[in-house]
2 protein chains.
Amino acid sequence: MPETPRRADRPSAPRYGNRPTMKDVAARAGVGLKTVSRVVNGESGVTPETERRVQEAIDALGFRRNDSARVLRKGRTASVGLVLEDLADPFYGPLSRAVEEVARAHGALLINGSSAEDPDREQELALALCARRVDGLVIIPAGDDHRYLEPEIKAGVATVFVDRPAGGIDADCVLSDNFGGARQGVAHLVAHGHRRIGFIGDMPRIHTASERLRGYRTAMEDAGIAVEDAWMSLGATDPARVRRAAEEMLSGPSPVTAVFSGNNRVTVTVIRVLAEQSRRVALVAFDDLELADLLQPGVTVVAQDAAAIGRTAADRLFRQLDGALLLPERIELPTRLIARGSGELPPAD
Amino acid sequence: MPETPRRADRPSAPRYGNRPTMKDVAARAGVGLKTVSRVVNGESGVTPETERRVQEAIDALGFRRNDSARVLRKGRTASVGLVLEDLADPFYGPLSRAVEEVARAHGALLINGSSAEDPDREQELALALCARRVDGLVIIPAGDDHRYLEPEIKAGVATVFVDRPAGGIDADCVLSDNFGGARQGVAHLVAHGHRRIGFIGDMPRIHTASERLRGYRTAMEDAGIAVEDAWMSLGATDPARVRRAAEEMLSGPSPVTAVFSGNNRVTVTVIRVLAEQSRRVALVAFDDLELADLLQPGVTVVAQDAAAIGRTAADRLFRQLDGALLLPERIELPTRLIARGSGELPPAD
DNA sequence: CTGAAAGCGCTTACAG
DNA sequence: CTGAAAGCGCTTACAG
């Protein structure tokens, strides 16, 4: 029975949707496969004349080396993964860009993924990236159990955690001084005469949220102020929740005269609520905002340097990959208090 | 001569840095390679007992399928590339996230890259992504010649341009109505009594910049106003350049009474400069800003929906990949004028 | 239900 | 200076 002719019967013709390979180039140039490989990779040991012929075939065929195949053979993929919470959050843009730049300097591409603050999705993403055999992984954890990564790390995947430490495993992490920054910010409010100070933060299971709350508590304790439960609110950072929280601590029998906002998502809503109040309420916010200095009053913030965090994490990742067998380390980056007016308002009563 | 023993001599043991393969799993479970493949991919036709043995071997070895190898065989990589200007720019975060979400719905990962507004880097990035054999490419062009992509597109790489059209090739693109938006914004200023209106935009070779300038010119013409050269300034969006441009058109013999800002990078600097002026200068800005409504006065903007743009582009990309052989199309998304105060200020003279 | 062989497109280790 | 063979870790197309 005669075979049905297939498109594959024309092995050296570039078929639509099927890309030319080194084999096609070799056939057209009348040379061996290895010679094509030499030209494509700029290796020495090819006559100028041979090189010209190969190059001609490459151009005519529109050949581009398939890096997937290359990678399969070489072992390293020259790509790193970044799992973060939400690329649309202004904190992660600069962080991601910084990681990208370091990766680029090392010839690597960056695969981004958003966990949407969902631990399952974080795991799914991180493991999908491992299946793609990224050389390394920068993770902003959503979950608090990362033992699922143990086989991957043992297999050689470089890993650095950012913004929050890993759970259940020993790994590098790069953090801001959340505790110290919050403590300093709250102390700043105390220094300006406040005693009833509110704290609105993210969900308590998130490391940064709990650390910043701890900073708040410590600063209050330092000042000898007994904190009332009604002054603290942790939870989701959606506008509705934050608005409710702010309005509650601003009303009632002992309303706060100042608010410490736990992160940039919270801050945008708190600013809106404070603008609606009849009396002036002081504000210090964790995380800087682009137009914070142009508001009236300017927003006093405890700023983190997202780009520096990303850069530090990526540097560390490539140090791991370069074989500097470093012990896992916890790197804490300082925050910076920037006084702009809102944090220097005196108590309204 | 006896061979030197190598680590590879223990083929079924998971070596550090060398990951276990299906072959290792097969050996350990005492089954064939194809059976492992069946279990890993959840295919039918495996006895529960066999499946259990294979699963045990997988867990014991810490096996994870190498998707690079899989991809090489299957043809599609289930990944798409996104080349944008700068991930740290607040316009691109939501756009990128939207592309990611659509990709995720189609089971694909997203590789991000920043061109830094450099045409050479755009090309380098786009071609590197093609070498990785991404299935599709979303590109926010930095350059204006994209013929370098012709072989890739012919070879089947789906391609959608965003924010600016492709140059030299016929390809899908998704744009905002830059001309119409700018025209409407400037007309808004005219309607509030302004005649000397300045325009500060990005470099003229950038499509959005020239289109918005055209919208400005048309609105002025519509109003019968002769535009003076000194009222228009196009160039890099760094603060120093924008500040100089703004200060120049605000001084001199016929200073402008209103400014139309060409994009979000320009706007942040213009707001700063205007805040320093002794007289009130009206402002309408292309692109929304997070705290724009909280400034005093609120900033009137012509808003684009970055997420909708990203979503539309990604949808189109996957429609191409799904084989809907569509003709290249130019999709224009409407903008929205949001009046907040700064655009409704009357002329100061 | 199960598996051996061939092949995806490259690179590596050799040999000429 | 050049190239044939083997192999990276999977899947495909068959055969039993």
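Below, chain A is the first sequence line, B the second, and so on; all start at residue 1.
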Between [N] atom [atom2] and [X] atom [atom1], what is the distance in whole Å?
X	N	atom1	atom2	result
Glu43(B)	dT12(D)	CD	P	8 Å
Arg65(A)	dT11(C)	CZ	C1'	10 Å
Asn66(B)	dC8(D)	CG	P	12 Å
Leu72(B)	dT11(C)	CG	P	12 Å
Glu51(B)	dC1(C)	CD	P	11 Å
Leu33(B)	dG7(D)	CG	C1'	14 Å
Lys23(B)	dA5(C)	NZ	C1'	14 Å
Asp67(B)	dT11(D)	CG	C1'	12 Å

Hey, which sits more toward the 5' end of DNA chain C by its nearest nucleotide, Arg133(B) or Gly30(B)?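 Its nearest nucleotide lies further toward 5', so the answer is Gly30(B).
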Any [X] side-chain N or O less than 4.0 Å from OP1/OP2 of [N]:
X	N	answer
Thr47(B)	dT2(C)	yes
Ser37(B)	dC10(D)	no
Thr50(B)	dC1(C)	no
Arg73(A)	dT12(C)	no
Lys74(B)	dT12(D)	yes

By the 4.0 Å heavy-atom rule, please label [X] as base, sugar-phosphate, or nothing.
X	answer
Arg38(B)	base
Val71(A)	nothing
Asn41(A)	sugar-phosphate

Listed nucleotide nearest any side-chain atom of [X], set [options]:
X	options	result
Thr21(B)	dG3(C), dC10(D), dG3(D)	dC10(D)
Met22(A)	dC10(C), dT2(D), dA13(C)	dC10(C)
Val46(B)	dT2(D), dC10(D), dT2(C)	dT2(C)
Ala69(B)	dT12(C), dC10(C), dG9(D)	dG9(D)

Regarding [X] and [Y], does a basic nitrogen lie under 4.0 Å from an acidic carboxylate oxygen?
X	Y	result
Arg97(B)	Glu85(A)	no
Glu152(A)	Arg64(B)	yes
Glu122(B)	Arg164(B)	no
Glu49(A)	Arg52(A)	yes

For dA4(C), what is the paired nucleotide under Watson-Crick or G-U wobble rules, both distances under 3.5 Å?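 The base-pairing partner of dA4(C), which may sit in any strand shown, does not exist here.
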Any donor-acceptor N or O pair under 3.5 Å, side chains Tyr148(A), Glu124(A):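 Tyr148(A) vs Glu124(A): no donor-acceptor pair found between side chains.
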State, without any angle test, whether Ser96(B) and Asn112(B) hold a side-chain donor-acceptor pair at a distance under 3.5 Å.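 Judged by distance alone, the side chains do pair up.
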